[in-house]
K.L.:
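I have a structure here, written as structure tokens, and I will follow up with some questions on it.
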Amino acid sequence: MICKFPPAEFFELIKRTRLVWRGVKMTMSRFPLKMVSLVALSSAAPLVGVASENVRPNIILILADDLGWKDAGFRGSRYYETPNLDRLAGESVEFTRAYASPSCAPSRAALLTGQYSPRTGVFMVGRSDRGDKTLQKLVPVPNRQALPPEAITIAKVLAEHGYATTIIGKWHLGDGPNSPENRGFGLNVAGFDGGTPPTYFSPYQIATIKDGPPGEYLTDRLTDEAINFMENNRERPFFLYLPHYAVHVPIEAKENLKQAFSEKTPDGEQKDPGYAAMIQSLDESVGRILDAVDRLGLADRTHIIFISDNGGQMGITAQPPLREGKGWLYEGGVRVPMLVRTPGTSAAGTKSDTPVHLVDIFPTILQWAGIETPKGPPLDGVSLAPLSSDKTATIPTRDLFWHFPGYQPKKTGFRITPSSMLVNDQWKLIEHFEDGSLELYNLQDDISEQHNLAAAQPDKAAELKTRLTSWREKVSAPMPTKITP
């Protein structure tokens, strides 16, 4: 019997991973070198099968919905209470400059495919011409509301390499042929095309989850389902994708928690007791997941990522000193909390200010799992595995990109008009297509984006615009060029 892994790859993975063979942990120092060939004798055949399964680590990816950059204790909030996220932060590398898209669906597309929006066509939520059409100067590019047929998800790749895969929570990327079951997830609980739960209390009115007892809370139920999945798949590698609906509207919380926060002193604009109670339920979910990983004996072979899909909703929360919130290209809309826990790392409890993006999660998971990049659509991200395991590691400075060829409305006017954006180290450039204007910010000196330097530093603005234009050409980004009547 020959193991699934090529000898060289297996040898390298052995050095990074402790194998559990029939309940006995063996380190590399005790592993006979001659066995690397893995031409198993008949008596050792069952042993090889167990080893090849256990080499692959488990992956838990928890995605919060609309959780702002400052909406947790470890991020400095004095109103929201997140002891479990704070605990996870102490065991993780915290990426203080993690970026997402400004709204739900494009972030999920980027996370699952490792691709920027021009490759998937998922630029925003819903139609690209939302809002007052009399104020729209350009005919926007049509928006896809589901992944294209050629897109490959990380779940599909992992399933092809022996992983049990599940999505438990929000999907928001299409139905029918685009449902999670047809995109690599062996189990779908509560995922459907919609971006908002009808209610957080059972009966849920979601076809893909059975109702619980009346009044059961959705965040708790999704956590129950996630723990059941881990228990049922503890003997094989698994990918648990837990995209909570919380803390997206409707703001519906457990009454006892809401009452407790109503008696607490606000922290600036962080003062909504219902929202705070929803964050506490989300935090309790994280704690239960961490406890289950420990109880099942999976901690030394399980990677955990926690991240949000965009900034917090203005009017409900705030992220000072960041400008604006969800739906904007300013930092309050795209900078999000992110924690990565890697087993056995010396980097636990440290922070990285390296700019990273949701597209980086796909290649990171591939490296953790020892899987080569699949053939097909290219990946736009880079692996963060070195940064998550070595506090001295670095990755080359690179450009991060956004393309938004439509309109993101607000009550009057728009949060975003057709535009593109680039972030490189401390520099940020936004190019507006309606009038060709530029916004240039030095985020190191001006994290609140109050001083547009485009006129004061025209050479830097021109340099970044050239790179932004070159990227659009490289990825064939569709441009809105027609003037509206």
K.L.:
Could you check whether any side-chain heavy atom of Leu440 comes within less than 4.5 Å of a side-chain heavy atom of Leu464, counting everything from C-beta outward?
P.N.:
yes
K.L.:
With ring pair (Phe, Tyr, Trp, His ring centres under 6.0 Å) as the criterion, how do Tyr116 and His357 come out once you've worked through the C-alpha distance, each side chain's angles and the decisive distance to 0.1 Å?
P.N.:
CA-CA 10 Å; Tyr116 286 124; His357 194 282; 5.2 Å; yes
K.L.:
Should we count NZ of Lys254 as having more than 12 external heavy atoms under 6.0 Å?
P.N.:
yes
K.L.:
I need the single residue from Ile154, Thr166, Leu112 that forms a side chain to side chain contact (heavy atoms under 4.5 Å, CB included) with Tyr241. Which is it?
P.N.:
Leu112
K.L.:
Less than 6.0 Å separating the ring centroids of Phe201 and Tyr217?
P.N.:
yes
K.L.:
Please walk me through it: do Glu255 and Gln259 pass side-chain hydrogen bond (donor to acceptor under 3.5 Å, both in side chains)?
P.N.:
CA-CA 6 Å; Glu255 194 58 38; Gln259 179 60 35; over 6 Å; no
K.L.:
Charged N to carboxylate O under 4.0 angstrom, Glu225 versus Lys210?
P.N.:
no
K.L.:
So, does Asp211 use its side chain to make a donor-acceptor pair with the main chain of Pro203 at under 3.5 Å?
P.N.:
no
K.L.:
To the closest 0.5 Å, what do you measure between CD (Glu434) and CG (Leu138)?
P.N.:
5.0 Å
K.L.:
Looking at Asp399 and Arg467, is there a salt bridge between them, counting it only when a charged N and a carboxylate O are closer than 4.0 Å?
P.N.:
yes
K.L.:
Does Glu269 come within less than 4.0 Å of Lys271, counting only side-chain N to carboxylate O?
P.N.:
yes
K.L.:
Is it the case that the side chains of Glu216 and Ser202 hold a donor-acceptor pair, with the cut-off being a distance below 3.5 Å and no angle test?
P.N.:
no
K.L.:
Given salt bridge (charged side-chain N to carboxylate O under 4.0 Å, His left out), test Lys428 with Glu439 step by step and report yes or no.
P.N.:
CA-CA 8 Å; Lys428 177 174 181 176; Glu439 294 181 64; over 6 Å; no
K.L.:
May I ask you to check whether Thr342 and Ser388 show a side-chain donor-acceptor distance below 3.5 Å?
P.N.:
yes
K.L.:
Just by modelled atom types, is the Gln450 backbone N or O under 3.5 Å from a matching donor or acceptor in the Asp446 side chain?
P.N.:
yes
K.L.:
Within 45° of the ring axis of Trp171 and under 6.0 Å from its six-membered ring centre, is that where the NZ or CZ of Arg108 lies?
P.N.:
no
K.L.:
Is it the case that the side chain of Asp71 and the backbone of Gly68 share a donor-acceptor pair, with hydrogens and angles ignored and the cut-off at 3.5 Å?
P.N.:
yes
K.L.:
Quick one about Arg398 and Asn424 (side-chain donor to acceptor, distance below 3.5 Å, no hydrogens or angles considered), yes or no?
P.N.:
no
K.L.:
Go through Glu463 and Lys465 one step at a time and tell me if the salt bridge (charged side-chain N to carboxylate O under 4.0 Å, His left out) criterion holds.
P.N.:
CA-CA 5 Å; Glu463 172 201 338; Lys465 180 182 177 181; over 6 Å; no
K.L.:
Hey, mind stepping through His244 and Leu218 against side chain to side chain contact (heavy atoms under 4.5 Å, CB included) and telling me if it holds?
P.N.:
CA-CA 9 Å; His244 275 290; Leu218 181 58; over 6 Å; no
K.L.:
Could you go through Glu252 and Lys258, starting from their C-alpha distance and side-chain angles, then the distance that decides it, and tell me whether this counts as salt bridge (charged side-chain N to carboxylate O under 4.0 Å, His left out)?
P.N.:
CA-CA 9 Å; Glu252 295 179 353; Lys258 182 177 178 180; over 6 Å; no
K.L.:
Check for me whether the distance between the ring centres of Tyr275 and Tyr80 falls short of 6.0 Å.
P.N.:
yes
K.L.:
So, taking the atom named CG in Asp66 and the one named OG in Ser103, what distance separates them when rounded to the nearest 0.5 Å?
P.N.:
9.5 Å
K.L.:
Would you say CZ of Arg295 has more than 12 non-hydrogen atoms from neighbouring residues, nucleotides or ligands within 6.0 angstrom?
P.N.:
yes
K.L.:
Using modelled atom types only, decide if a donor and an acceptor are shared between the side chain of Glu449 and the backbone of Tyr330 within a distance under 3.5 Å.
P.N.:
no
K.L.:
I want to check something: taking the side chain as every heavy atom from C-beta on, are Val334 and Met421 in contact at a cut-off of under 4.5 Å?
P.N.:
yes
K.L.:
Would a distance-only check, ignoring hydrogens and angles, find a side-chain to backbone donor-acceptor pair under 3.5 Å from Asn232 to Asn228?
P.N.:
yes
K.L.:
Any chance you could measure Cys104, atom SG, to Leu173, atom CG, to the nearest 0.5 Å?
P.N.:
10.0 Å
K.L.:
Given Ser92, which partner from the list Leu339, Leu85, Ile305 fulfils the side chain to side chain contact (heavy atoms under 4.5 Å, CB included) test?
P.N.:
Leu339
K.L.:
Measure the spacing between CZ of Phe404 and OG of Ser419 and express it to the nearest 0.5 Å.
P.N.:
7.5 Å
K.L.:
Quick one: do Phe238 and Thr165 satisfy side chain to side chain contact (heavy atoms under 4.5 Å, CB included)? Show the steps, please.
P.N.:
CA-CA 6 Å; Phe238 62 74; Thr165 59; over 6 Å; no
K.L.:
Quick one: do the Gln426 and Tyr441 side chains pair a donor with an acceptor below 3.5 Å?
P.N.:
no
K.L.:
Can you establish whether the number of heavy atoms outside Lys460 located under 6.0 Å from its atom NZ is more than 12?
P.N.:
yes
K.L.:
Going by heavy atoms in the side chains, are Trp471 and Leu422 under 4.5 Å from each other?
P.N.:
no
K.L.:
Looking at every non-hydrogen atom in both residues, tell me the closest pair between Arg97 and Asp353 and how far apart they are.
P.N.:
CD-O, 3.4 Å
K.L.:
Under 30°, 30 to 60°, or over 60°: which ring-plane class applies to Phe239 and Phe185, parallel, tilted or perpendicular?
P.N.:
parallel
K.L.:
Mind checking the OG-CG spacing from Ser285 to Leu242? Nearest 0.5 Å is all I need.
P.N.:
5.5 Å
K.L.:
Ignoring hydrogens and angles, tell me if any N or O in the side chain of Thr223 forms a donor-acceptor pair with the backbone of Thr219 under 3.5 Å.
P.N.:
yes
K.L.:
Just checking, any donor-acceptor pair under 3.5 angstrom between side chains of Ser107 and Asp309?
P.N.:
no
K.L.:
Dump the intermediate steps for side-chain hydrogen bond (donor to acceptor under 3.5 Å, both in side chains) on Asp175 and Ser179, then the final yes or no.
P.N.:
CA-CA 4 Å; Asp175 53 18; Ser179 64; over 6 Å; no
K.L.:
For side chain to side chain contact (heavy atoms under 4.5 Å, CB included), just list the numbers for Glu81 and Asp283, CA-CA rounded to whole Å, side-chain angles, deciding distance to a tenth of an Å, and then say yes or no.
P.N.:
CA-CA 8 Å; Glu81 298 180 6; Asp283 182 76; over 6 Å; no
K.L.:
Charged N to carboxylate O under 4.0 angstrom, Glu91 versus Arg87?
P.N.:
yes
K.L.:
Has Thr96 got a side-chain atom pairing as donor or acceptor with Ser352's backbone, closer than 3.5 angstrom?
P.N.:
yes
K.L.:
What distance separates Ile316 CD1 from His248 NE2, expressed to the nearest 0.5 Å?
P.N.:
9.0 Å
K.L.:
Tell me whether the rings of Tyr245 and Phe192 are parallel (<30°), tilted (30 to 60°) or perpendicular (>60°).
P.N.:
tilted
K.L.:
Evaluate Arg472 against Glu431 for salt bridge (charged side-chain N to carboxylate O under 4.0 Å, His left out), listing each step before the verdict.
P.N.:
CA-CA 12 Å; Arg472 287 199 299 260; Glu431 178 184 4; 3.0 Å; yes
K.L.:
Does the side chain to side chain contact (heavy atoms under 4.5 Å, CB included) test come out yes or no for Ser117 and Val122, once each step is laid out?
P.N.:
CA-CA 5 Å; Ser117 57; Val122 183; 5.8 Å; no
K.L.:
Just by distance, do the side chain of Asp360 and the backbone of Leu384 share a donor-acceptor pair under 3.5 Å?
P.N.:
no
K.L.:
If only atom types and distance count, is the side chain of Tyr79 paired as donor or acceptor with the main-chain N or O of Phe261 below 3.5 Å?
P.N.:
yes
K.L.:
Closer than 3.5 angstrom, by distance alone: can the side chain of Tyr163 be matched with the main-chain N or O of Pro57 as a donor-acceptor pair?
P.N.:
yes
